[in-house]
**Q** 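Let me begin by handing over the structure; questions about it come next.
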Amino acid sequence: MSKLLSFRPVRVRSLLVSTVCCALPVVVCASGPAAAAQGPAADTRARAVAGAPPLPEVSALSWTVSDAADGKVLAAKAPHRHLPPASTLKTLFAVTVLPKFPASTVHTVTGSDLADVPAGSSLVGVQQGMRYTVGDLWRGAFLASGNDAVHVLAHMNGGVPQTVREMQRTAERIGAHDTSVRSPDGFDTPGQYSSAYDLALIAREGFKNPDFRRYMGTKWAQFPARGSKTGFGIQNTDRLLVGSHGVTPYRGLIGVKNGYTSHAGNTLVSAAERNGRTILVTVMNPQSGSGNAVYEEARALLDWGFAAAPHAPAKGLLGTPAVHRTARPGPPAVAVASQARATAGPSELSRRIGLGVAIAALAAVPFVLARGRRKKKAGSTP
């Protein structure tokens, strides 16, 4: 017994050190890449990037700057915060439904196609009984952000519930795990949200489709009207693309989509090309109070992105398992708590390591005792 007592403390310390050394990298990785699993750093505004200008002051609740070619996230603030997306969610609708119908397909609009368009929606002017090509409807959805055009396309796709389910599956397939879909058009609906990270990811997925790229960058078009051979003109509501309401067009802008509701505020996904590089920016709900804040803040972030891209290290990659959640998130309140855990400070990390050490020590005791008994038994055998 005395041998066992003198042996056990030494063995426990040895085993404990070995266990902790093996377990410690796992704990650290669970706190480092666990935070990375939430995507880029919660707020990188204070981080200076050597060789790049300082990040601009941005009042948006959430934003990202990324390189569209390789998906490298250059800077971000609260990139996984769950926020209502408004009409920027139409990008997910397009990624899901756009490949299904040729642009030349003709559809005659019925009353049921328009019956579930939410009151207060933005409309392009789709009329019951008229014939439209699918191309007409997509231009109505992208340029005029017409929820009526979206709902007609959704009914062509099997109905709104079916389309919403398909959109959710698309989001999960591409890794947009911050997105919960309740409507095809982005109109304020309980339980519907996305994130700046996801909207950038969805846009980048859309870039793979030439039709998506064409519609997202169209500035003006003619939309059919009853009794008119030429229809009426519609202009893209993205002020940064066309230049309107006091906003100067951004050089090299190629799209993507803007949005607004009273609940979401202004939201914007913008992409611009210069010298062979495409910078992708998402801005959600600026707080400055300026009517054009979403466009001017996107402009400032695009400028910074082009200047910083050759110098800034990646804060993550769009669409890779290392930088987004691997499970569907809960409601917004849970998401905020999750983000707080992901950015826990050193004291939290110390607590977790201490807990891991304690668990490892307790787990080691039965093995130590068993080995001691085996050794004692072996020593008494003739």
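Predicted model, so just to flag it, every value in this text is computed and none were measured.
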**Q** Side-chain heavy atoms under 4.5 angstrom apart, residues restricted to Ile, Leu, Val, Met, Phe, Trp, Tyr: same cluster for L153 and V160?
**A**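 As far as the 4.5 Å side-chain criterion goes, V160 and L153 are connected within one cluster.
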
**Q** Can you tell me how far the CG atom of D136 sits from the OG atom of S104, to the nearest 0.5 Å?
**A**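 Nearest 0.5 Å value for the CG-OG distance: 11.0 Å.
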
**Q** Report whether L83 and Y260 are members of the same hydrophobic cluster (ILVMFWY, side-chain heavy atoms less than 4.5 Å apart, transitive linking).
**A**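 Hydrophobic grouping puts L83 apart from Y260.
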
**Q** Test your reading of the model: is there a side-chain donor-acceptor pair from Q168 to the backbone of T163, 3.5 Å cut-off?
**A**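 No.
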
**Q** Which word best sums up how the rings of H82 and Y193 line up, parallel for under 30°, tilted for 30 to 60°, or perpendicular for over 60°?
**A**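 Judged by the thresholds at 30° and 60°, the geometry between H82 and Y193 is parallel.
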
**Q** For side chain to side chain contact (heavy atoms under 4.5 Å, CB included), just list the numbers for H177 and Y197, CA-CA rounded to whole Å, side-chain angles, deciding distance to a tenth of an Å, and then say yes or no.
**A** CA-CA 10 Å; H177 299 304; Y197 175 91; over 6 Å; no

**Q** What closest approach, in Å, do A203 and V269 show between heavy atoms, and which atom pair accounts for it?
**A**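 So the two residues come closest at CB-CG1, 3.9 Å.
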
**Q** Keeping T88 on the side-chain end and G259 on the backbone end, is there a donor-acceptor pair under 3.5 Å?
**A**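 It does not hold such a pair.
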
**Q** Can you tell if the side chain of L240 reaches within under 4.5 Å of the side chain of V247, non-hydrogen atoms only?
**A**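 Side-chain contact under 4.5 Å: yes.
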
**Q** Between the main-chain N or O of V73 and the side-chain N or O of S66, is there a donor-acceptor pair closer than 3.5 Å?
**A**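 Here the side-chain-to-backbone pair does not exist.
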
**Q** Please step through side-chain hydrogen bond (donor to acceptor under 3.5 Å, both in side chains) for the pair T110 and S112, ending with a clear verdict.
**A** CA-CA 5 Å; T110 66; S112 60; 3.0 Å; yes

**Q** Is there a donor-acceptor pair closer than 3.5 Å between any side-chain N or O of T96 and the backbone N or O of A94?
**A**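 Here the side-chain-to-backbone pair does not exist.
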
**Q** Using the rule given for side chain to side chain contact (heavy atoms under 4.5 Å, CB included), can you reason through T108 versus M130, listing the C-alpha separation, both sets of side-chain angles and the distance that settles it, and then say yes or no?
**A** CA-CA 5 Å; T108 301; M130 282 197 61; over 6 Å; no

**Q** Can a donor-acceptor pair be found, under 3.5 Å and without considering hydrogens, that links the side chain of S180 to the backbone of G191?
**A**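 Between the backbone of G191 and the side chain of S180 there is a qualifying donor-acceptor contact (under 3.5 Å).
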
**Q** Looking only at atom types and distance, does a side-chain atom of R81 sit under 3.5 Å from a main-chain N or O of A196, one as donor and one as acceptor?
**A**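 Answer holds: no.
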
**Q** Indicate yes or no: at least one non-hydrogen side-chain atom of E205 is less than 4.5 angstrom from one of K208.
**A**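 Yes, their side chains come closer than 4.5 Å.
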
**Q** Distance-only, no hydrogens or angles: does the D178 side chain make a donor-acceptor pair with backbone N or O of S195 under 3.5 Å?
**A**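 Looks like no, no N/O pair under 3.5 Å.
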
**Q** Would you call W220 and N236 a side-chain contact if the rule is heavy atoms closer than 4.5 Å?
**A**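 They are not in contact (no side-chain heavy atoms under 4.5 Å apart), so the answer is no.
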
**Q** Should D238 and K257 count as an ion pair when the cut-off is N to O under 4.0 Å?
**A**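 No, this pair does not count.
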
**Q** Please determine whether a side-chain nitrogen of the Lys or Arg among R251 and E273 lies less than 4.0 Å from a carboxylate oxygen of the Asp or Glu.
**A**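 Between E273 and R251 there is no salt bridge, as every charged N stays at least 4.0 Å from the carboxylate O atoms.
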
**Q** Which atom names give the shortest non-hydrogen contact between K100 and P102, and what distance separates them?
**A**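 Heavy atoms only, the tightest pair is O-CD, 4.2 Å.
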
**Q** Mind listing the closest non-hydrogen atom pair of L55 and A75 along with its distance?
**A**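 In this case the closest contact between L55 and A75 is CD2-CB, 3.9 Å.
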
**Q** Enter the distance from L89:CG to M167:CE here, rounded to the nearest 0.5 Å.
**A**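 So the CG of L89 and the CE of M167 are separated by 4.0 Å.
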
**Q** I'd like to know if L114 and F187 are part of one continuous hydrophobic network [Ile/Leu/Val/Met/Phe/Trp/Tyr, side-chain heavy atoms within less than 4.5 Å].
**A**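 No.
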
**Q** Start with the C-alpha gap between L302 and L253, add the side-chain angles, then the distance that decides, and say whether side chain to side chain contact (heavy atoms under 4.5 Å, CB included) holds.
**A** CA-CA 10 Å; L302 284 166; L253 199 79; 4.0 Å; yes

**Q** With a 3.5 Å cut-off and no angle check, do the side chains of N292 and H245 form a donor-acceptor pair?
**A**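 Their side chains do not contain a donor-acceptor pair, so the 3.5 Å distance test is not met.
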
**Q** Do L143 and Q235 touch side chain to side chain, with heavy atoms closer than 4.5 Å?
**A**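 Answer no - side chains too far apart.
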
**Q** I'd like to check D185 versus P118 (side-chain heavy atoms, cut-off strictly below 4.5 Å). Are they in contact?
**A**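 Yes, close enough: below the 4.5 Å cut-off.
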
**Q** Can E296 and R239 be counted as an ion pair, charged N to O under 4.0 angstrom?
**A**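 Salt bridge absent between E296 and R239.
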
**Q** Are side-chain N/O atoms of D113 and H151 paired as donor and acceptor at under 3.5 Å?
**A**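 No donor-acceptor contact under 3.5 Å links the two side chains.
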
**Q** Taking atom types as modelled, find out whether Q192 and S183 have a side-chain donor-acceptor pair closer than 3.5 angstrom.
**A**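 Result is yes, a qualifying pair exists.
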
**Q** Salt bridge (Lys or Arg N to Asp or Glu O under 4.0 Å), that's the test. Do R277 and D67 meet it? Break it down for me.
**A** CA-CA 8 Å; R277 187 187 299 276; D67 190 319; 2.7 Å; yes

**Q** About how many Å separate CG of N258 and CG of N266, when rounded to the nearest 0.5 Å?
**A**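 N266 CG to N258 CG: 8.0 Å, rounded to 0.5 Å.
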
**Q** With rounding to the nearest 0.5 Å, note down the distance linking CG in D198 to CG in L92.
**A**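 One gets 9.0 Å once the value is rounded to the nearest 0.5 Å.
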
**Q** To the nearest 0.5 Å, tell me how far T267 OG1 sits from N285 CG.
**A**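 Here the interatomic distance stands at 8.5 Å.
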
**Q** Starting at CG of L137, measure out to OG1 of T105 and round the result to the nearest 0.5 Å.
**A**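 OG1 of T105 is found 10.5 Å from CG of L137.
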
**Q** Decide yes or no for L268 and T282: does some side-chain heavy atom of the first lie under 4.5 Å from some side-chain heavy atom of the second?
**A**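 No, every pair of side-chain atoms sits at 4.5 Å or beyond.
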
**Q** Quick one: which of V152, V109, V106 gives a side chain to side chain contact (heavy atoms under 4.5 Å, CB included) with Y132?
**A**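 It is V109; the other options fail the test.
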
**Q** Should the ring pair W138 and F93 be called parallel, tilted or perpendicular, given that the plane angle runs from 0 to 90° and is split at 30 and 60?
**A**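 Ring orientation, 0 to 90° scale: tilted.
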
**Q** Would you check if the side chain of T218 reaches a backbone N or O of R214 as a donor-acceptor pair within less than 3.5 Å?
**A**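 Yes.
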
**Q** Distance alone, cut at 3.5 Å: any donor-acceptor contact between the side chains of Y250 and D303?
**A**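 The criterion, which ignores hydrogens and geometry beyond distance, is satisfied for D303 and Y250.
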
**Q** Run S145 and T237 through side-chain hydrogen bond (donor to acceptor under 3.5 Å, both in side chains) and show every step you take.
**A** CA-CA 7 Å; S145 208; T237 56; 5.3 Å; no

**Q** Pair W63, K77 - check side chain to side chain contact (heavy atoms under 4.5 Å, CB included), show working.
**A** CA-CA 5 Å; W63 54 264; K77 173 188 174 182; 3.3 Å; yes

**Q** Taking side chain as C-beta onward, heavy atoms only, is L280 less than 4.5 Å from T64?
**A**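 The answer is no, as the side chains (C-beta and beyond) never meet within the 4.5 Å cut-off.
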
**Q** What heavy-atom pair brings T133 and A103 nearest, and what distance separates the two atoms?
**A**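 Heavy atoms of T133 and A103 come nearest at CB-O, 3.5 Å.
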
**Q** Taking N147 for its side chain and S121 for its backbone only, find out whether a donor-acceptor pair lies under 3.5 Å.
**A**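 Side chain of N147 to backbone of S121: no pair is present.
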
**Q** If you measure only the distance, is there a donor-acceptor pair under 3.5 Å linking the side chains of N157 and E166?
**A**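 A donor-acceptor contact under 3.5 Å links the two side chains.
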
**Q** Does R213 qualify as a cation-pi partner of F207, given the criterion of NZ or CZ under 6.0 Å from the six-membered ring centre and within 45 degrees of its axis?
**A**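 Ring-cation test returns yes.
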
**Q** Just wondering, more than 12 heavy atoms not from R131 lying within 6.0 Å of its CZ?
**A**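 It does not: R131 CZ has 12 such atoms or fewer within range.
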
**Q** Measure across A149 and V124 and return the closest heavy-atom pair with its distance rounded to 0.1 Å.
**A**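 In terms of heavy atoms, the two residues are closest at CB-CG1, 4.2 Å.
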
**Q** Assigning hydrophobic clusters by single linkage (Ile, Leu, Val, Met, Phe, Trp, Tyr; side-chain heavy-atom cutoff under 4.5 Å), is V97 placed with V256?
**A**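 Same hydrophobic cluster.
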
**Q** Is the backbone N or O of S59 less than 3.5 Å from a side-chain atom of Q287, with the two atoms forming a donor-acceptor pair by type?
**A**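 Such a contact is absent between Q287 side chain and S59 backbone.
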
**Q** Report yes if some heavy atom in the side chain of Y215 is under 4.5 Å from a heavy atom in the side chain of R139; otherwise report no.
**A**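 A side-chain contact exists here, since the closest heavy-atom pair is under 4.5 Å.
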
**Q** Quick check: is M216 connected to V134 through a chain of hydrophobic side chains (ILVMFWY, heavy atoms under 4.5 Å apart)?
**A**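 Yes, V134 connects to M216 through the hydrophobic network.
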
**Q** Show the nearest heavy-atom pair for residues P84 and H263, with the distance to one decimal.
**A**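 Closest pair (atom of P84, atom of H263, distance): CG-CD2, 3.7 Å.
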
